[in-house]
Amino acid sequence: MSFGCCCGTCGAVAVADGMTGYLQTSIGPVPRVAVRWTWRDRVGAWAVCWGLGRMRYTVAPGLYAVGTPTQEAPVLVTANYKLSFDHLRRALDGFDAWVLVLDTKGVNVWCAAGKGTFGTDELVERFALSGVAKVVVHRKLVVPQLGAPGVAAHEVSRRTGFQAIYGPVYARDLPAFLRDGMRATPEMRRVGFKLRERLAVTPIELVHRALPVAFTLAFFLASSGLGRHGYRLDFGQWPWIALAVGANAFAGIVLTPALLPWLPGRSFAVKGAVTGVVLGAILALFCPFGWLAGVSAGMLGVSACSFLGLMFTGCTPYTSASGVKSEMRWSLPMQGALALAGVCGWVASRFI
Amino acid sequence: MEYLSDVVTLRLDREVCVGCGRCLEVCPHGVFSVDSGKARIDDRDACMECGACARNCPVGALYVKNGVGCAVGILNARLGRKSACCGGAQSGCCSS
């Protein structure tokens, strides 16, 4: 919890970012959070989606107040990933509530629940540490539904005496959930994966893949120097090579996720390969590589896009580990074989 | 969107089930329904093995080998490295 102190939320002196002051309660001052996002929150939210400084994007675990919560106000549990916290407080505009932030090491609710850091033990311990039981008269805790892989509601009830109620998947549904007497509709319980959500994860994917893409580009640019007459770089080919590598990266990282529901098949390796076949055919037809290099570039494209499709499984909210393992078993060898054939053909084309 | 068919490890023991409906509540993909006082697996292929149902079943009627359906994480685990998957971009980090 060392990161908490730099934000000033441990001491009662400074008012931390996103806070508007302190609420005096029977258990001492409780930081009160702002419900509106500032430009800094917006920039921060944008930055974490691009993978910039996400490791530090935390809030201090503990109890917070939204509005002027009374003894009847609901208690909502969340993770100490600042973006999770920010979505929650923004959704609570106009409500009075208590927010209990668990220490998930700055990881969002769902991922932390999968790892067990957003779990029964942490919830029970943080609950006791926070003293929240002394500021409310009811006996209910609203736990985000996506925390359920880590939290056993019946154990929480047994160990705290508080009933754990699962709230909606998305923070934006909280107002409706709270107004309806803490009832979630079946729709609120479902995880979606709409175009917006699929594209929201592509920036960080682009950042993660930048280095391998750069290496691939360097390899093929350097390969243009190979030939029967010794090593001499062929700069005329460079724009085409750059175009081919760039188009493949774009197709595998942006197009496949964007077109996911419309690409044939259920396997991500197949979906990616389909994107790769279309792109590979276009590149082979329009790039002045010659037939052998063209076909090789096509094979490399299919291999790369299929592999990138498989890599995208980690960004989706509906792929099972068993399923991913099963498609890795047949697709990785095929992708490897295609890549090897592609590289051999590409290099061979330089010598004939 | 549905993922591969007939791969998941989800199992329900209807003999043990008490029909509390907790699994319906926590499942993010609507896999379950309650039928004559007991849970039923309606859409097994929609299961992503998150493990929420098994963790929250008060009588241990559900089994699922939970894991993260992420090729990067599985590769890393096989190569003996620490899983780098979920710290990254599992959906929800940016959207919820």
Side-chain angles (χ1 to χ4, degrees), chain A residues 45 48-49 51 54 81 83-84 87 107-111 113-115 145-146 148-154 166 169-172 184 186 189-191 193 196-198 200-201 203-205 208 260-261 266-268 310-328, chain B residues 1-10 20 22-33 44-60 64-78 82-96:
Chain A
V48 287
C49 287
R54 105 175 296 137
Y81 178 44
L83 199 53
S84 309
H87 277 287
V107 174
N108 72 73
V109 172
W110 210 8
C111 294
K115 289 178 183 170
Q145 187 192 328
L146 293 187
V151 174
H154 53 283
Y166 284 111
V169 164
Y170 297 100
R172 60 167 183 264
R189 298 238 169 266
R190 299 292 287 266
V191 168
F193 201 36
R196 243 190 75 174
E197 292 160 306
R198 295 199 299 276
V201 290
I204 204 161
E205 283 292 289
H208 279 170
L260 206 61
R266 288 183 173 191
S267 149
F268 280 62
L310 190 61
M311 293 299 110
F312 190 66
T313 51
C315 303
T316 71
Y318 74 98
T319 51
S320 61
S322 299
V324 175
K325 277 179 194 156
S326 116
E327 68 167 315
M328 277 168 80
Chain B
M1 273 173 284
E2 288 241 311
Y3 196 41
L4 309 179
S5 52
D6 228 6
V7 285
V8 295
T9 53
L10 177 68
C20 70
R22 225 341 117 67
C23 49
L24 270 77
E25 208 177 297
V26 296
C27 178
H29 291 293
V31 168
F32 303 97
S33 67
R44 199 161 171 273
D45 291 344
C47 172
M48 61 172 292
E49 300 181 324
C50 71
C53 56
R55 167 87 62 187
N56 282 276
C57 180
V59 291
V64 63
K65 187 175 180 295
N66 64 315
V68 182
C70 166
V72 185
I74 294 167
L75 269 179
N76 279 338
R78 251 180 230 175
K82 246 183 93 190
S83 167
C85 194
C86 222
Q90 178 101 10
S91 168
C93 306
C94 290
S95 55
S96 71

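Order of the sequence lines sets the chain letters (A, B, ...), proteins ahead of strands, with each chain counted from 1.
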Cut-off 4.5 Å, heavy atoms of chain A, and the answer for B:C27 is backbone
If one checks every heavy atom of A:V109 against chain B at 4.5 Å, the contacting part turns out to be neither
Flag the pair A:F268 / A:E327 as yes when at least one side-chain heavy-atom distance between them is below 4.5 Å, and no otherwise. yes
Bottom line for B:C20: the part with an atom under 4.5 Å from chain A's heavy atoms is neither
Taken in chain and number order and not counting sequence neighbours, the residues that satisfy salt bridge (charged side-chain N to carboxylate O under 4.0 Å, His left out) with A:R189 are none
Assess whether salt bridge (Lys or Arg N to Asp or Glu O under 4.0 Å) is satisfied between B:E2 and A:R266, documenting all intermediate values. CA-CA 7 Å; B:E2 288 241 311; A:R266 288 183 173 191; 3.6 Å; yes
Parallel, tilted or perpendicular: which fits the ring planes of A:F312 and A:F193, with parallel below 30° and perpendicular above 60°?
parallel
Hits for salt bridge (charged side-chain N to carboxylate O under 4.0 Å, His left out) against B:R55, two or more places apart or cross-chain, chain-then-number order -> none
Okay, B:C50 and chain A: the region with an atom under 4.5 Å from a heavy atom over there is both
Applying a strict 4.5 Å limit to non-hydrogen atoms, the region of A:M328 in contact with chain B is side chain
Okay, A:S326 and chain B: the region with an atom under 4.5 Å from a heavy atom over there is side chain
